[in-house]
Q: 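A single structure is presented below for examination.
Keep in mind the model is a prediction, meaning the values are calculated, not measured. Along the sequence shown, the residues carry numbers beginning at 1.
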Amino acid sequence: MNIHKIQTVAKKALATALPLVLCFSIAGCSFKFKIFDNSDFKPTSESEALLSEIPEPKQTSYSYSAITNEHIKNLYAQIENECQKPVPAEIQCTGTLTQKDIYEAIIAFKNDHPDIFWIKNTFSYYDYDGSTYVELFYISSGTTLETQKEKFNEALNDFVNNATMYSSEYEREKYVNDYIISNCVYDDEAAYNNNTKGNVSTAYGVLVDGKAICEGYARAFQLLCNKLGIECVSIAGMTDDVGHEWNCAKIDGNWYQVDVTWNDSQDDFSNYYYFNLTDEQMYSSHRADDLFDEIEPDNYNNDENLIGNLYVPECNSTEYNYYNQTAPILYAFDEENDNTILNALANSAVNGDNYFNIIVDDSLDFEDAYSTLVQDGYVVNYIESANNMLWGEVELDTSSYAYKNDTLRVITIVLNYIN
């Protein structure tokens, strides 16, 4: 009997419906596959990857370059100088600045310097005699800050030293995503109660404390990508009218949308649902805030969720989407395509993968393809044929679960092993 159910999970700052999950264990339709020698299926391992030197770190300055007001640029430079002091002093700006202007300078600086984890988003200011005076606030200062810097740098060094096996930008970017998911938990209490005390909104929260909210995830992802020679920026925006932050990363010359916070879900099969998406895919659930230059000061002051962006790249490439890199594509239900998918499934079984993904091509109706694969028994036949091909070396159970992601047109099969 087929069991259909929709599960929901509170995913960071909003509740999101998970893909439809279907349990299948029915006998499928019969069809023939080419038989391969099981010596063709060999497990892959990270030890086989070419070791490489870590590229020079990237120190991007997209936010500074986007500032058009010279007084705001000057404040940015003053913040850069001031932030190295154990305790911040009052800054005299070169002109009169609005609250929005000051916020733009602080956000721009933090966007370009995710390693400066101790500066808060809050500040105080007043105007006097044609100038604006700004006081920054630190999360921690003095000897406490110095101790935190040591722990932070040690964690960064450990991360970089473990990245030498990843030779391509895509592999290094995926390593960053996986590292953050494995070493950090989302602080639901801080997010839902607006209790952002401590370092939950910083890269320090991710790397040292192992607990953060979306801004901390985004800062850490940007910083770690930069450390591995990858250009990356942070994006401020909304999801279901709730403030949120994520990233864009530049891989082999093209920009991609990444939300490592949402990748860190309760179900590890979805760890790459928001990894290297196009704008169209990401903006089906996310909305980037306007650029600072497009925001009226009055609107800025009255919208508590609005942060503002300085640089938002266009993301149109699909080449380095996780599933395009790892999953076979279903073009048609014919012998040639069936054997392509079967070959990939057999390799996944030999590798001991927990999940097997199939991309449904745009030429097919997604719901019809899902029904044929799961409800009509094609997947069961794939599994049975893979077991025959592998001659008992590995055996998959034909009773399992299937998940679907309509936006990415991905069907995920949970692989259960008999031996």
Side-chain angles (χ1 to χ4, degrees), residues 9-13 16 46 54 57-58 60 110-111 113-117 148 151-166 168-191 196 198-237 239 244-251 255-277 282 286 320-322 325-326 354:
V9 58
K11 205 166 191 181
K12 316 316 168 196
T16 303
E46 293 178 350
I54 299 299
K58 296 281 188 180
T60 56
K110 294 182 70 172
N111 284 352
H113 301 83
D115 55 320
I116 308 299
F117 59 84
Q148 288 183 340
K151 292 181 179 179
F152 186 70
N153 291 330
E154 182 179 349
L156 271 179
N157 290 334
D158 288 343
F159 165 82
V160 172
N161 290 337
N162 288 321
T164 54
M165 69 178 64
Y166 304 103
S168 71
E169 287 187 346
Y170 169 81
E171 291 170 332
R172 294 195 294 273
E173 181 201 20
K174 181 176 175 293
Y175 168 57
V176 173
N177 180 83
D178 296 351
Y179 180 89
I180 292 175
I181 289 174
S182 298
N183 291 279
C184 185
V185 296
Y186 189 83
D187 193 333
D188 292 291
E189 181 180 357
T196 55
N199 285 287
V200 293
S201 61
T202 72
Y204 184 96
V206 173
L207 296 177
V208 180
D209 295 336
K211 181 181 290 188
I213 60 174
C214 60
E215 183 181 355
Y217 275 73
R219 300 292 182 199
F221 185 81
Q222 179 186 356
L223 174 61
L224 298 184
C225 281
N226 290 165
K227 286 293 182 182
L228 300 186
I230 299 170
E231 292 191 37
C232 185
V233 295
S234 293
I235 307 297
T239 52
H244 188 53
E245 292 202 29
W246 64 95
N247 299 96
C248 290
K250 193 175 186 180
I251 306 300
W255 286 98
Y256 296 86
Q257 297 265 5
V258 183
D259 190 342
V260 68
T261 307
W262 279 24
N263 283 338
D264 189 13
S265 71
Q266 296 176 2
D267 301 280
D268 57 0
F269 72 84
S270 60
N271 285 353
Y272 306 102
Y273 273 1
Y274 297 90
F275 188 79
N276 289 354
L277 305 189
M282 183 63 86
H286 295 52
Y320 286 107
N321 172 271
Y322 170 79
Q325 287 288 311
T326 61
N354 294 321

Q: Can you tell me how far CD of Glu215 sits from OG1 of Thr261, rounded to the nearest 0.5 angstrom?
A: 10.5 Å

Q: Just checking, any donor-acceptor pair under 3.5 angstrom between side chains of Glu245 and Ser234?
A: no

Q: Determine, stepwise, if the pair Tyr170 / Tyr322 fulfils side chain to side chain contact (heavy atoms under 4.5 Å, CB included).
A: CA-CA 9 Å; Tyr170 169 81; Tyr322 170 79; 3.4 Å; yes

Q: Using modelled atom types only, decide if a donor and an acceptor are shared between the side chain of Asn247 and the backbone of Val233 within a distance under 3.5 Å.
A: yes

Q: Check side chain to side chain contact (heavy atoms under 4.5 Å, CB included) between Asp209 and all other residues, then give those that pass, not counting sequence neighbours.
A: Asn199, Tyr204

Q: Go through the structure and list residues passing ring pair (Phe, Tyr, Trp, His ring centres under 6.0 Å) with Tyr256, not counting sequence neighbours.
A: none

Q: To the nearest 0.5 Å, what is the distance between OH on Tyr166 and CG on Leu228?
A: 10.0 Å

Q: Check side chain to side chain contact (heavy atoms under 4.5 Å, CB included) between Asp268 and all other residues, then give those that pass, not counting sequence neighbours.
A: Asn271, Tyr355

Q: Would you sort out whether Leu223 and Phe152 count as a side chain to side chain contact (heavy atoms under 4.5 Å, CB included), showing the intermediate values?
A: CA-CA 12 Å; Leu223 174 61; Phe152 186 70; 3.4 Å; yes

Q: My understanding is that only residues two or more places apart in sequence, or in another chain, count here; which of them pass side-chain hydrogen bond (donor to acceptor under 3.5 Å, both in side chains) with Glu231?
A: Tyr62

Q: Enumerate the salt bridge (Lys or Arg N to Asp or Glu O under 4.0 Å) contacts for residues 174-186, please, sequence neighbours excluded, ordered by first and then second residue.
A: Lys174-Asp178

Q: Can you spot which of Asp259, Ile235, Val258 makes a side chain to side chain contact (heavy atoms under 4.5 Å, CB included) with Met282?
A: Asp259

Q: Checking Ala220 now: which residues fulfil side chain to side chain contact (heavy atoms under 4.5 Å, CB included) with it, not counting sequence neighbours?
A: Ile180, Ala203, Val206

Q: For a 4.5 angstrom cut-off between non-hydrogen side-chain atoms, does Tyr179 reach Leu207?
A: yes

Q: List in chain and number order the residues that pass side-chain hydrogen bond (donor to acceptor under 3.5 Å, both in side chains) with Asn177, two or more places apart in sequence or in another chain; answer none if no residue qualifies.
A: Asn263

Q: How far does NE2 of His286 sit from CD of Gln257, to the nearest 0.5 angstrom?
A: 8.0 Å

Q: Does a donor on one side chain and an acceptor on the other come within less than 3.5 Å for Asn276 and Gln325?
A: no

Q: How would you list, by chain and number, every residue that makes a side-chain hydrogen bond (donor to acceptor under 3.5 Å, both in side chains) with Lys110, sequence neighbours excluded?
A: Asn121

Q: From Tyr186 OH over to Asp264 CG, what is the distance, rounded to the nearest 0.5 angstrom?
A: 10.5 Å

Q: With sequence neighbours left out, write down each residue that passes salt bridge (charged side-chain N to carboxylate O under 4.0 Å, His left out) with Lys227, or none if nothing qualifies.
A: none

Q: What is the minimum heavy-atom distance between Asn226 and Cys232, and which atoms define it?
A: ND2-N, 3.6 Å

Q: To the nearest 0.5 angstrom, please state how far the CZ atom of Phe221 sits from the SG atom of Cys184.
A: 14.0 Å

Q: Between Tyr175 and Asn162, is a side chain to side chain contact (heavy atoms under 4.5 Å, CB included) present by the stated rule, with each step listed?
A: CA-CA 10 Å; Tyr175 168 57; Asn162 288 321; 3.3 Å; yes

Q: Could you list the residues that satisfy side-chain hydrogen bond (donor to acceptor under 3.5 Å, both in side chains) with Tyr320, not counting sequence neighbours?
A: Asp252

Q: Testing the basics here: between Ile230 and Glu173, what is the closest heavy-atom pair and its distance to 0.1 Å?
A: CD1-N, 3.7 Å

Q: For Gly229 and Glu169, which heavy atoms make the closest approach, and how far apart are they?
A: O-OE2, 4.0 Å

Q: Quick one: CZ on Arg219 to NE2 on His113, what's the gap to the nearest 0.5 Å?
A: 11.5 Å

Q: What pairs of donor and acceptor atoms, side-chain ones from residues 154-161 against any protein atom, are under 3.5 angstrom apart with sequence neighbours left out?
A:
from   : atom 1 : to     : atom 2 : distance (Å)
Asn157 : ND2    : Asn153 : O      : 3.2
Asn161 : ND2    : Asn157 : O      : 3.1

